[in-house]
K.L.:
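Supplied in structure tokens, the structure appears directly below.
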There are 4 protein chains.
Amino acid sequence: MRATEQQAAQNVRLADRFKRIRDTSRRLCEPLEPEDFVVQSMPDVSPTRWHLAHVTWFFETFVLRPHAEGYRPVDERYEYLFNSYYNAVGEQFPRPRRGMLTRPTVREIFAYRDAVDEAVARLLEQRGDDPALAELITLGLNHEQQHQELLLMDIKHVFSCNPLYPAYRPAEDSPATSVQADPALEFEGGLVEVGHAGEDFCFDNERPRHKSWLEAYRLASRMVTNGEYLEFVSSGAYRDPRHWLADGWATVREEGWKAPLYWVERDGSWFEFTLHGLEPLNPDAPVCHVSYFEADAFASWSGKRLPTEQEWEHASSDIELAGNFLDSGALHPLPHGADGGGRHQLFGDCWEWTRSPYTAYPGYARPDGAIGEYNGKFMCNQFVCRGGAAVTSHDHMRRSYRNFFYPSMRWQFTGIRLAEDPR
Amino acid sequence: MRATEQQAAQNVRLADRFKRIRDTSRRLCEPLEPEDFVVQSMPDVSPTRWHLAHVTWFFETFVLRPHAEGYRPVDERYEYLFNSYYNAVGEQFPRPRRGMLTRPTVREIFAYRDAVDEAVARLLEQRGDDPALAELITLGLNHEQQHQELLLMDIKHVFSCNPLYPAYRPAEDSPATSVQADPALEFEGGLVEVGHAGEDFCFDNERPRHKSWLEAYRLASRMVTNGEYLEFVSSGAYRDPRHWLADGWATVREEGWKAPLYWVERDGSWFEFTLHGLEPLNPDAPVCHVSYFEADAFASWSGKRLPTEQEWEHASSDIELAGNFLDSGALHPLPHGADGGGRHQLFGDCWEWTRSPYTAYPGYARPDGAIGEYNGKFMCNQFVCRGGAAVTSHDHMRRSYRNFFYPSMRWQFTGIRLAEDPR
Amino acid sequence: MRATEQQAAQNVRLADRFKRIRDTSRRLCEPLEPEDFVVQSMPDVSPTRWHLAHVTWFFETFVLRPHAEGYRPVDERYEYLFNSYYNAVGEQFPRPRRGMLTRPTVREIFAYRDAVDEAVARLLEQRGDDPALAELITLGLNHEQQHQELLLMDIKHVFSCNPLYPAYRPAEDSPATSVQADPALEFEGGLVEVGHAGEDFCFDNERPRHKSWLEAYRLASRMVTNGEYLEFVSSGAYRDPRHWLADGWATVREEGWKAPLYWVERDGSWFEFTLHGLEPLNPDAPVCHVSYFEADAFASWSGKRLPTEQEWEHASSDIELAGNFLDSGALHPLPHGADGGGRHQLFGDCWEWTRSPYTAYPGYARPDGAIGEYNGKFMCNQFVCRGGAAVTSHDHMRRSYRNFFYPSMRWQFTGIRLAEDPR
Amino acid sequence: MRATEQQAAQNVRLADRFKRIRDTSRRLCEPLEPEDFVVQSMPDVSPTRWHLAHVTWFFETFVLRPHAEGYRPVDERYEYLFNSYYNAVGEQFPRPRRGMLTRPTVREIFAYRDAVDEAVARLLEQRGDDPALAELITLGLNHEQQHQELLLMDIKHVFSCNPLYPAYRPAEDSPATSVQADPALEFEGGLVEVGHAGEDFCFDNERPRHKSWLEAYRLASRMVTNGEYLEFVSSGAYRDPRHWLADGWATVREEGWKAPLYWVERDGSWFEFTLHGLEPLNPDAPVCHVSYFEADAFASWSGKRLPTEQEWEHASSDIELAGNFLDSGALHPLPHGADGGGRHQLFGDCWEWTRSPYTAYPGYARPDGAIGEYNGKFMCNQFVCRGGAAVTSHDHMRRSYRNFFYPSMRWQFTGIRLAEDPR
């Protein structure tokens with residue numbers, strides 16, 4: 001195949017990928033009523049209509065405006081309304097007030113999406129061979145996939161505020177499974193390399209690849225289950241400051257935490273609010289929607305610790321990147337099956353809290369301009385999570401992928417894997 | 001006409017009135033999209049969907065459950081969801097979180113209304129001659145009319161939070177008018193009577209009719225206009241503590257007030273957000289959406305004062321109860337015309353702040369049970385407003401009607417009429 | 001006696017009064033350690049050192065600066081530091097931060113007092129026959145007496161925050177007394193006059209004397225006792241919204257109220273924190289340190305109501321102005337003795353909550369200038385209290401005296417007297 | 001020298017050290033008035049009287065109660081009053097309310113100190129050869145030295161709230177110095193070791209010594225000066241979000257930051273509040289009282305970065321531990337002199353912000369019991385500072401010493417040293 005043919009084939013692949021990922025957003029909205037698109041149930045949550053418009057704004061602002069000759073924005077006022085946090089682009093509508101807006105309506109926002117999709121498709125036909133443009137569109141698609149996960153996290157939180165506990169989608173039968181105590185995995189450590197290795201797309205925070213010294217460590221072969229976490233709850237841990245970080249204990253008391261975010265006790269039995277509505281707690285499934293504070297306290301109570309992100313990346317470097325992702329349709333973490341050759345659930349199910357604060361890798365330099373605001377400015381007071389979850393797209397994941405959350409957050413799909421130092 | 005015929009005619013009238021007032025609620029929702037029904041833009045505001053359901057809950061709870069034999073509630077869970085503040089009925093879903101709910105959907109709530117309407121109509125056919133029942137239904141209808149006004153106040157506030165400034169309904173042409181300085185009206189005072197006189201419906205807080213001593217007083221023949229209030233604003237009054245009550249000044253500073261709630265300055269010109277969208281400020285129309293603090297400060301700056309509610313009621317006791325009400329369709333206060341024989345705008349246009357704190361009349365006793373929570377428990381820290389506004393139904397108004405708001409509130413349609421002591 | 005002699009005698013009396021009242025402030029500080037003068041235990045409380053300096057600032061600002069020729073202020077910076085709320089005088093050090101200051105020290109503040117006292121004494125010698133000056137000094141002395149009461153209220157609150165419960169002054173033995181159920185007093189009502197009648201000093205808010213129509217009413221012959229209030233507490237009233245104003249119930253929940261401010265339960269017995277330290281609750285003494293919300297709820301629970309301020313003033317118009325005031329040294333309300341001819345405790349012991357919101361009397365006009373800020377700007381959201389308390393100076397009291405507090409406040413010495421409408 | 005003689009000599013040294021360090025606390029209080037000991041100017045600050053009592057409580061609780069036979073606590077209630085955060089010891093008086101207390105008085109607290117000092121001295125005589133006891137007392141002394149620094153930080157903050165700007169101690173003349181641009185220091189990196197090496201005292205968080213891989217780096221030879229930081233301020237950096245971490249920018253806006261904490265602008269000139277009162281800003285002295293957010297933003301604006309704590313420790317590992325500490329009496333950072341052989345101010349003057357979040361070293365295990373609460377539970381959301389400051393005791397410092405603060409804090413003496421990656 002000659003170079004131009006190769007290029008043409010690549011263009012087609014990017015155009016297909018663009019169409020497929022944009023369609024996924026629409027598909028995720030199918031179970032929703034117009035009323036559901038509006039609500040912001042806490043400042044961290046964004047309304048569904050906002051997610052749909054914001055990811056479209058991203059393409060309009062960073063792809064169409066600078067690169068599509070003669071492009072006329074759908075509505076000049078959207079630049080202000082749907083900018084999230086890019087100070088370099090201009091002022092933003094205040095984040096905690098996103099739920100105040102009812103217009104443009106959902107119908108109008110889908111029309112906005114259609115107009116932008118058409119313009120991007122046209123641009124790809126004309127200039128798909130421009131690598132800078134392809135890179136920007138690829139970034140836009142990764143950005144949209146992140147917001148697809150946020151959309152699901154957020155609508156789950158919205159529904160959880162309703163005492164009627166609406167289901168986003170009815171549950172499908174899942175095969176019965178059970179969980180055994182697996183032996184911990186042993187790693188020798190030494191001078192290892194972490195960070196993204198290849199030339200293909202990754203976020204700036206995954207680079208540069210660099211050396212890191214690891215002491216020998218042990219890593220659990222699977223995630224902590226609901227059953228195990230219930231023992232922690234039942235032991236009175238949420239009333240005992242000894243297990244907790246000082247900031248964690250303050251949060252437990254201020255927020256009145258008694259269990260993971262979506263756990264509900266009724267007449268002595270535990271239930272869990274899921275995207276399928278309220279369901280009995282499955283003791284074999286991984287515990288989910290715990291904060292870093294809870295993950296750390298559980299580890300401390302267990303006499304163990306959380307892994308560092310370097311330990312996690314080293315342990316997952318030579319296994320297949322497969323697991324329970326958005327594509328499986330489960331929308332919830334599952335008890336582990338036979339995958340992973342003794343290393344279960346490293347990918348998918350739940351993001352795994354590491355004890356690593358989110359910081360710049362040695363040699364990292366924040367890119368200039370608006371795109372530089374993507375990651376670098378959040379490198380403070382957050383902790384790294386690894387491996388993706390049941391609401392993450394499979395083709396969005398990488399071994400070197402670094403997600404990050406404040407230690408008090410728990411509306412994201414985060415769980416726990418234990419580590420320890422060999423005696 | 002014999003007694004039974006009279007009764008039958010009365011039943012028909014009540015049934016007609018029920019149908020008409022319930023239909024008004026539906027009609028008021030016609031300009032709205034489903035998304036608009038959901039938002040609670042501040043704790044005092046309720047979502048449109050909540051208003052529609054709550055007034056229906058009122059009939060279900062106080063009329064159908066106790067009086068309609070065999071009545072089966074539409075959904076048992078609505079008792080909790082749509083109770084506003086009736087502690088005697090049970091726990092309530094927290095008021096500031098009403099905007100978190102997207103279900104039941106608007107469609108489901110209209111179905112709820114239909115089911116209750118049908119059951120009430122049937123009950124009225126069967127037992128319309130029961131005076132206690134007629135009284136409860138009449139209370140329910142007055143309650144619904146109050147919420148119709150709230151619905152308009154609230155959706156105006158919701159739309160005002162949107163930088164796109166959506167219009168609830170396009171404006172109609174209104175006849176050009178102009179305002180002259182009218183001479184103040186003089187009243188002699190003496191021992192007068194205030195409070196509701198007849199046997200027909202009124203709220204408990206309008207009773208008992210009782211004696212009150214009034215000194216001689218003067219009352220402005222019309223309301224304060226936007227033009228006059230603009231002078232107050234332009235004089236720097238919002239930066240000068242001397243005119244303000246201490247609590248008022250604290251509010252001005254905390255809230256950053258610079259003008260009435262919906263005034264917007266753009267390039268040196270003043271606009272006003274209305275239910276017709278953003279419009280140029282009409283200097284001849286009454287100033288609206290001012291708090292008690294602003295009304296009191298304006299009066300103080302003018303060297304005058306606000307009237308007491310007794311003065312207001314005495315002054316309006318012998319003129320026709322007519323004015324710019326919801327029925328006119330204007331949805332906004334208008335410059336006065338030739339009505340009122342020199343006493344302009346006492347009814348309709350804007351609620352008029354009085355200097356009277358909202359308290360019990362001598363001899364008032366709070367009724368027992370849930371209905372007793374309607375008025376008495378709010379007799380603290382609020383001020384009485386009189387006369388109704390452009391968003392009040394005409395047949396909801398009475399000379400003795402006492403509305404009440406906290407002195408910092410200004411999302412309701414309140415304006416200013418000045419009074420003074422004769423020299 | 002000739003006019004000049006009369007004048008000279010009056011001067012001497014004012015000079016004596018000045019000395020006596022200023023000395024009282026110093027005497028009230030004798031039990032305190034330097035550390036005690038500094039703390040502001042909540043925003044409503046001011047540190048003792050601030051009270052001492054502020055009342056001195058009042059004389060310096062309103063008497064010495066404008067009237068004492070050649071007077072040199074002790075420290076120019078005190079004008080800003082010790083202004084309370086007189087916007088007409090200039091900016092003020094922020095009220096809630098008064099407890100941040102440790103300098104000038106207590107010693108320096110007493111030196112400030114001495115310098116001002118000397119200058120006022122000299123001025124009185126020279127120009128004591130100027131009635132305007134005498135009026136200002138009289139106002140300053142009344143102002144200082146108000147702050148003497150505040151000083152005691154505030155230091156009580158400061159000490160109450162300390163788990164060691166320090167005593168301001170040890171208790172003296174008080175004669176054993178007991179309380180009987182007295183018959184309620186009956187009043188016929190009619191057109192009465194209220195407000196200050198004579199020419200001698202009163203605050204502007206007590207004027208003008210004016211007519212008011214009263215319906216017939218009954219008034220309890222004594223105050224509600226701790227024993228009676230304990231029944232209310234024990235009945236579960238603090239957990240039952242039915243008795244409470246809506247704002248009151250919100251306050252009960254937010255603040256976690258379970259009893260009057262200084263009541264402390266230990267091992268099933270009730271104690272009360274007093275200026276003598278923690279003491280067993282005396283069931284016969286008047287309940288004290290209740291808010292308006294509690295007073296209103298107690299009245300509602302009792303099937304009665306609070307009196308209006310007009311009813312109170314009418315009932316106390318023909319009895320001797322005597323009672324348990326600061327001068328008695330008890331520093332706490334006492335069970336009633338044989339005083340008052342069947343009308344017990346109308347003066348002294350506790351301020352009595354009335355149901356009257358604090359408003360302007362008909363014809364009241366706010367004075368111009370800084371002195372006009374004394375009363376008028378607080379006429380909003382407060383309720384009138386009458387009769388003085390055990391921490392009020394006897395010669396500070398008048399029948400027409402109107403004290404006022406927000407309905408949620410309870411660190412002042414307020415109690416309850418019941419009223420009702422005749423059946 | 002035989003073992004017992006050695007032991008005896010060591011006992012004497014510990015007893016001397018105990019006496020000397022305890023006396024330092026008393027000496028630091030000499031410039032204060034009793035009023036100054038009481039105030040808590042923000043939740044992070046503790047009143048001087050609390051510091052004096054708390055460090056004494058530490059000896060009473062961890063040394064005397066468990067080890068001094070027959071020891072009778074001075075006042076049982078102090079256990080609750082003066083516990084800071086040791087949940088394992090029991091409940092604590094709420095931290096933000098420490099400034100509410102006036103008793104025990106300062107005099108009583110000094111008596112408490114005397115009683116405990118005597119008991120510890122007696123215990124040391126009897127059992128000074130018990131290494132566990134010596135270790136506890138050494139910990140207590142290090143703890144007291146930390147609180148000596150806090151006492152100075154805190155009283156500085158208290159005084160800074162007073163518009164009179166009191167001086168803690170008058171300034172002494174300091175030799176004129178000037179600052180030159182020094183060449184940056186170059187380090188090669190590689191596999192290095194960090195953490196406390198020897199057997200003598202260190203905090204648990206400095207252990208274990210462990211390997212760490214460093215890339216090559218450059219480190220500024222001196223700290224950033226006021227003059228350099230003033231350029232940053234003057235460039236408008238406090239109004240430009242591009243330089244800031246997202247959390248930092250939010251803090252700048254919420255707190256209204258415009259310059260370092262104690263900088264004051266008057267008529268266009270800059271001053272700095274110091275322990276000597278308000279002084280003209282010295283452009284050659286290190287900038288002090290900046291938060292991590294400001295340090296990071298300054299580095300970003302400079303095109304550089306902050307060092308990691310490993311880089312800092314490696315760079316300081318082979319120079320003399322000397323600098324401007326508490327012992328110099330300057331009480332403020334000074335322009336650098338000729339010390340350090342080209343590596344200026346690494347020790348003393350200001351704590352240096354590193355970009356390293358405060359986390360556990362590999363292999364760290366939190367000790368059991370109350371002493372385990374000393375460090376481990378704070379390993380979240382804080383950043384490591386190194387090197388000590390002008391208010392730190394010289395003999396309290398170590399190369400491996402890890403101080404830590406939240407990134408928004410700036411009342412501590414923290415400054416900036418820049419680093420960068422070689423091109």
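Chain letters run A, B, ... following the sequence lines, proteins first and then strands; every chain starts at 1. It should be emphasised that the depicted structure is a prediction, and the values quoted were computed from it without experimental measurement.
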K.L.:
Sub-4.5 Å heavy-atom contacts with chain B: which residues of residues 152-168 of chain A show up?
P.N.:
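Only A:Val158, A:Phe159, A:Cys161, A:Asn162, A:Pro163, A:Leu164, A:Pro166 of residues 152-168 of chain A have a heavy atom under 4.5 Å from chain B.
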
K.L.:
Counting only non-hydrogen atoms closer than 4.5 Å, can you tell me which residues of residues 27-48 of chain A sit against chain B?
P.N.:
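Under the 4.5 Å heavy-atom cut-off, A:Pro31, A:Glu33, A:Pro34, A:Glu35, A:Asp36, A:Val38, A:Val39, A:Gln40, A:Ser41 qualify.
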
K.L.:
Is it the side chain or the backbone of A:Arg103 that comes within 4.5 Å of chain B heavy atoms, both, or neither?
P.N.:
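When you check distances to chain B, atoms from both the backbone and side chain of A:Arg103 fall under 4.5 Å.
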
K.L.:
Does atom CZ of B:Arg65 have more than 12 heavy-atom neighbours from other groups under 6.0 Å away?
P.N.:
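For B:Arg65, atom CZ is crowded (more than 12 foreign heavy atoms under 6.0 Å).
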
K.L.:
With a sphere of 6.0 Å drawn around CZ of A:Arg95, does it hold more than 12 non-hydrogen atoms of other residues, nucleotides or ligands?
P.N.:
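Correct, the count exceeds 12.
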
